[in-house]
Amino acid sequence: ARVRCKTIVVDRAAAKMAATWRAYTQRQHFVNLKRATIKVQGALRTRRAVKRYRRRLQEAKARGMFEFQLGKLRERLGSEENARSDLEAKNQELQSEVERAKEVREALDAQSQQLHELAEQLREANERISKQEEAHAREKREHEQSLVKLRMERDAAKKAAVG
């Protein structure tokens with residue numbers, strides 16, 4: 001029984017050692033598998049994170065580009081609005097100039113009409129003066145002719161009286 005007991009103790013110790021060794025090797029296999037899994041998961045997560053980072057970076061670049069373009073377009077729109085308001089102001093100035101020019105033209109047309117009327121009156125007055133001058137010149141000639149006749153009659157009367 002003692003031998004048997006000794007073999008049982010040795011068998012139990014051997015079984016315990018074998019079980020411990022098996023547990024150790026399985027544990028080492030599990031730990032190695034776990035480490036490898038963690039490395040693979042880390043690599044996958046890193047890869048996903050890099051892809052996500054690059055995608056977000058591209059989106060940020062695109063958003064930045066869009067924002068830049070939007071800023072440029074807003075600046076252009078602002079400058080075009082300023083140019084438009086300047087053109088509208090210029091148009092208003094030109095419209096007022098046109099209105100003033102119309103008023104000046106109307107005034108000049110009225111003055112021109114008055115000048116035409118005045119010129120017509122002057123022509124009529126000139127014609128009257130010309131007629132009066134002609135009549136005066138005719139009267140003067142007739143007067144000179146009558147003076148010449150009178151002088152001739154006087155000279156003839158003096159000759160007849162003298163001689």
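From a predicted model like this one, the values you see are computed outputs, not experimental measurements. Numbering of residues begins at 1 and proceeds along the displayed sequence.
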Look up atom [atom1] in [X] and atom [atom2] in [Y], then write down how far apart they are to the nearest 0.5 Å.
| X | Y | atom1 | atom2 | value |
| --- | --- | --- | --- | --- |
| Glu97 | Gln95 | CD | CD | 11.0 Å |
| Glu93 | Asp86 | CD | CG | 10.0 Å |
| Ile129 | Glu134 | CD1 | CD | 12.5 Å |
| Arg138 | Lys131 | CZ | NZ | 11.0 Å |
| Lys159 | Met152 | NZ | CE | 10.0 Å |
| Leu94 | Glu99 | CG | CD | 12.0 Å |

Side chains of [X] and [Y] in contact at under 4.5 Å (non-hydrogen atoms):
| X | Y | answer |
| --- | --- | --- |
| Arg151 | Arg154 | yes |
| Glu59 | Arg55 | yes |
| Phe68 | Lys72 | yes |

Which residue in the set Lys34, Arg35, Gln41 passes side-chain contact (heavy atoms from CB on, under 4.5 Å) when paired with Thr37?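 Result: among Lys34, Arg35, Gln41, Gln41 is the only option passing the side-chain contact (heavy atoms from CB on, under 4.5 Å) with Thr37.
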Does Asn32 use its side chain to pair, donor to acceptor, with the backbone of Gln28 at less than 3.5 Å?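 Side chain of Asn32 to backbone of Gln28: a pair is present.
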Side-chain donor/acceptor pairs under 3.5 Å, residues 113-128, sequence neighbours excluded:
residue: His116; atom: NE2; partner: Ser112; partner atom: OG; Å: 3.4
residue: Glu120; atom: OE1; partner: Arg123; partner atom: NH1; Å: 2.6

Should the pair Arg100-Glu103 be classified as a salt bridge under the 4.0 Å nitrogen-to-oxygen rule?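 A salt bridge is absent here (no side-chain N lies under 4.0 Å from a carboxylate O).
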Test salt bridge (Lys or Arg N to Asp or Glu O under 4.0 Å) on Lys149 and Glu153; report intermediate values, then the result. CA-CA 6 Å; Lys149 276 186 186 179; Glu153 287 175 5; over 6 Å; no
